[in-house]
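The chain is numbered in sequence order, starting from 1. Keep in mind it's a predicted model, so treat the numbers as computed, not measured.
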Amino acid sequence: MDNPTPSRYVVVGAGIHGLSTAYHLARQLRSRGLGSGRDVVVLEKRSPGAGASGIACGVVRNNYFQPAMSELMQACVEVWESDPDAYHYNPVGYIALGAGVQEPDLIATYERQQRIGYRSELIVGADEVGRHMRSLFPDWRARGVTVCLHERQGGFAFNLASVQGLVAKCESEGVQILSGVEVRGFESGSDGAVGAVLTDQGRIEVGEQVVLAPGPWAAQFWAMLGLPAAIDIRTPSGDVVEGQPMWTYWNLQEGEVAVDPLLHATADGGLPPVIHLDTDAPLYTDEGTLLTDELWGIYFKRDRHGVQGGASPLVVDAEVELDPYPQTTNVDAAFPDLWCAGLSHAMERFEGCRAAYRNARSGGVGAFTADNFPVFDYLRPNLYAILDSNHGYKMIGVGREVAKVIVGEHSSLLYPFRYERFSTGDLHPVSSSPYPWS
């Protein structure tokens, strides 16, 4: 970028959020007669999808106990379904299976999905769940499962391919994507509004607004904007918990088994739904070694070269290294045994799969907010931040909602995720899931 030029709208980050925002903003400007994609520039310090979006496991689901998350994800699934070919999206559905302690959460989630028109089916009772799963997978043998939420919508997408699909959509609208441009700061006026974005390639004047979509680099940009590393949080009961870290990093625990992908198919030979299994049944290796007798869970899906998935992430206690991404991505030594044993616990076809395990970084390290849910809000008068708390990839529709906000509309879907919630006590309800994002 030899001669930085001013731009009305500057988007920082070319992952799912940044590209989706740029594309939908270009469409909003054109349809409203307010401009075009030529008024939008996307800055990316490496290349599109070089961060978390490019290695995401790619699961798309609406299994959220929180009403706001469920309603927002319905909108995101609509975007995935709008052009499955361009987004390399596979609408195979999603199955969440749980132990007795999770029945109330999954029942409440199902009832909410019915109210908002999200297609799903609920099965309760160990025998009933077993019959449902064996109708799909005759060798299903998981124990300790008493509830099943089978989402008929959702599925998965291929990570980098979907990013490239968004790149093509942006370029078709005239959006300029500048790779190899690192943002190092913001120049603000007396009112706090950003007047220019400072990069390693020069200064870019901002005509109207900035959209920040940094993915795992959220904490760095948070500090760059002078925001506090620790915050006080008002709980729904009115109590205040002081000095909580705004950002915590978690290592995603994900990998794959290099088996013939066609091994993982439904009874009729079809592409299987994504499966998330939580159970309190004791978990043993195929050799009979007890791994845990407490609640455990895994998720898995068929991929191009095998079966891919993961388990609950782990907090990063050491210093986080993000560049080049992914750096801080250590998979716990116990993960391969647990995940492969979980696959075998679920289906006989995966017995002995531990020998085919390989580290395939489909996760990385994620930046989680103080309550593990996203912050979507203005952090400066003209700087809107998309801080996804590692929900990012599946939330392709957030960019559509942000684009509406940028042109002056209110988004009821984004409102529950405003930063102010930490001081007002409008926090999201907590589920019984062992996962921090559910």
| Modelled atom types, side-chain donor and acceptor of Ser389 and Asn372, under 3.5 Å | no
| Nearest-0.5 Å distance that lies between atom CD in Gln113 and atom CD in Glu71 | 11.5 Å
| field | Test item: Arg112 side-chain N/O and Phe65 main-chain N/O as donor-acceptor pair under 3.5 Å | value | yes
| task | For Gln102 and Asp278, test the side chains for any donor-to-acceptor distance below 3.5 angstrom and give the result as yes or no. | result | yes
| query | Aromatic ring centroids of Trp222 and Tyr419 under 6.0 Å? | reply | yes
| Are any side-chain N or O atoms of Asp426 and backbone N or O atoms of Arg421, one a donor and one an acceptor, separated by less than 3.5 Å? | no
| message | Would you say Gln209 and Tyr9 are linked by a side-chain donor-acceptor pair, where the criterion is simply a distance under 3.5 Å? | response | no
| said: Just by distance, no angles: are the side chains of Tyr415 and His410 close enough, under 3.5 Å, to form a donor-acceptor pair? | reply: no
| If you round to the nearest 0.5 Å, how far is CG of Asp371 from CG of Leu427? | 6.0 Å
| query | Do you know the tightest heavy-atom contact between Thr266 and Pro272? | reply | CG2-CA, 3.7 Å
| field | Heavy-atom pair with the smallest gap, counting every atom of Phe422 and Ile231 | value | CG-CD1, 3.7 Å
| Would a distance-only check, ignoring hydrogens and angles, find a side-chain to backbone donor-acceptor pair under 3.5 Å from Tyr118 to Ser70? | no
| request: Report yes or no: does Thr279 contribute a side-chain atom to a donor-acceptor pair with the main-chain N or O of Ala99 at less than 3.5 Å? | output: no
| task | Might you point out which heavy atoms bring Arg380 and Gly226 nearest each other, and give the distance in Å? | result | NH2-N, 4.5 Å
| request: Please determine, by modelled atom types, if Tyr299 and Glu254 share a side-chain donor-acceptor pair under 3.5 angstrom. | output: yes
| What pairs with Arg184 under salt bridge (charged side-chain N to carboxylate O under 4.0 Å, His left out), at least two apart in sequence or on another chain? | none
| request: Side-chain contact test, heavy atoms from C-beta onward, threshold under 4.5 Å: evaluate it for Cys148 versus Ile95 and give yes or no. | output: yes
| query | Step by step, would you call Val405 with Glu409 a side chain to side chain contact (heavy atoms under 4.5 Å, CB included)? | reply | CA-CA 5 Å; Val405 172; Glu409 283 191 20; 6.0 Å; no
| task | Would you please name every residue forming a salt bridge (charged side-chain N to carboxylate O under 4.0 Å, His left out) with Asp83, sequence neighbours left out? | result | Lys169
| field | salt bridge (charged side-chain N to carboxylate O under 4.0 Å, His left out) against Glu44, all qualifying residues, sequence neighbours excluded | value | none
Less than 3.5 Å apart, which donor and acceptor atoms pair up between the side chains of residues 33-42 and the rest of the protein, not counting sequence neighbours?
from	atom 1	to	atom 2	distance (Å)
Ser36	OG	Arg38	N	3.2
Asp39	OD2	Arg8	NH1	3.2
Asp39	OD2	Ser36	N	2.9

| About how many Å separate CG of Leu149 and NE2 of His276, when rounded to the nearest 0.5 Å? | 11.5 Å
| How long is the span from the CG atom in Leu19 to the CD1 atom in Ile177, to the nearest 0.5 Å? | 5.0 Å
| request: With sequence neighbours left out, write down each residue that passes ring-ring contact (aromatic ring centres under 6.0 Å, His included) with Tyr384, or none if nothing qualifies. | output: Tyr378
| remark: For residues 148-168, the salt bridge (Lys or Arg N to Asp or Glu O under 4.0 Å) pairs (sequence neighbours left out) are Glu121-Arg152
| Trace of the side chain to side chain contact (heavy atoms under 4.5 Å, CB included) decision for Val129 with Leu97 | CA-CA 8 Å; Val129 170; Leu97 299 136; 3.6 Å; yes
| query | Under the ring-ring contact (aromatic ring centres under 6.0 Å, His included) test, which residues partner Tyr89, sequence neighbours left out? | reply | Trp80
| For His428, all residues meeting ring-ring contact (aromatic ring centres under 6.0 Å, His included), sequence neighbours excluded | Phe373, Phe417
| For Phe158, ring-ring contact (aromatic ring centres under 6.0 Å, His included) partners two or more places apart | Phe156
With a 3.5 Å cut-off and sequence neighbours excluded, list the donor-acceptor pairs that the side chains of residues 258-265 form with protein atoms.
from	atom 1	to	atom 2	distance (Å)
Asp260	OD1	Leu262	N	3.0

| query | How far apart are the C-alpha atoms of Lys45 and Asp200, what are their side-chain angles, what is the distance that settles it, and do they pass the salt bridge (charged side-chain N to carboxylate O under 4.0 Å, His left out) test? | reply | CA-CA 9 Å; Lys45 71 177 178 180; Asp200 62 346; over 6 Å; no
| What closest approach, in Å, do Met69 and Asn62 show between heavy atoms, and which atom pair accounts for it? | O-OD1, 4.2 Å
| Within the distance-only criterion (no hydrogens, no angle test), does the side chain of Asn90 pair as donor or acceptor with the backbone N or O of Val92 below 3.5 angstrom? | no
| message | Between Trp217 and Asp323, is there a side-chain donor-acceptor contact under 3.5 Å, judged purely by atom types and distance? | response | yes
| said: Run Phe376 and Ser411 through side chain to side chain contact (heavy atoms under 4.5 Å, CB included) and show every step you take. | reply: CA-CA 11 Å; Phe376 304 135; Ser411 172; over 6 Å; no
| query | How many angstroms lie between CZ in Arg46 and CD in Glu182, if you round to the nearest 0.5 Å? | reply | 11.0 Å
| message | Distance check, rounded to the nearest 0.5 Å: Leu212 atom CG versus Leu225 atom CG? | response | 6.5 Å
| Under 3.5 Å, is there a donor-acceptor pair between the side chain of Ser20 and the main chain of Ile396? | yes
| field | Where Pro214 and Phe221 come nearest, the two heavy atoms and their spacing | value | CB-CD1, 3.6 Å
| task | Indicate the ring-plane relationship of Phe335 and Tyr357, choosing parallel, tilted or perpendicular according to the 30° and 60° boundaries. | result | perpendicular
| message | When you measure from the side chain of Gln244 to the backbone of Ala230, do you find a donor-acceptor pair of N or O atoms at a distance under 3.5 Å? | response | no
| task | Verify, without hydrogens or angle tests, whether Asn390 (side chain) and Phe368 (backbone) share a donor-acceptor contact under 3.5 angstrom. | result | no
| query | For residues 298-307, which residue pairs qualify under salt bridge (Lys or Arg N to Asp or Glu O under 4.0 Å), counting only residues two or more places apart or in two chains? | reply | Lys301-Asp303
| said: Could you tell me if Thr21 and His17 have a donor-acceptor pair between their side chains, going purely by distance under 3.5 Å? | reply: no
| query | Got a salt bridge between Arg354 and Asp286, using NZ or NE/NH1/NH2 to carboxylate O under 4.0 Å? | reply | no
| task | Without swapping roles, check the side chain of Ser47 against the backbone of Ala50 for a donor-acceptor pair under 3.5 Å. | result | no
| Hey, would you say the Trp339 and Phe300 ring centroids sit under 6.0 Å apart? | no
| said: Going by salt bridge (charged side-chain N to carboxylate O under 4.0 Å, His left out), name the residues that satisfy it together with Arg30, two or more places apart in sequence or in a different chain. | reply: Glu173
| Under 4.5 Å between any side-chain heavy atoms of Val175 and Tyr23, yes or no? | no
| Does the salt bridge (charged side-chain N to carboxylate O under 4.0 Å, His left out) test come out yes or no for Arg349 and Asp139, once each step is laid out? | CA-CA 7 Å; Arg349 71 190 69 181; Asp139 61 332; 2.6 Å; yes
| remark: Looking only at heavy atoms, the pair that brings Val194 and Val206 closest together is O-CB, 4.0 Å
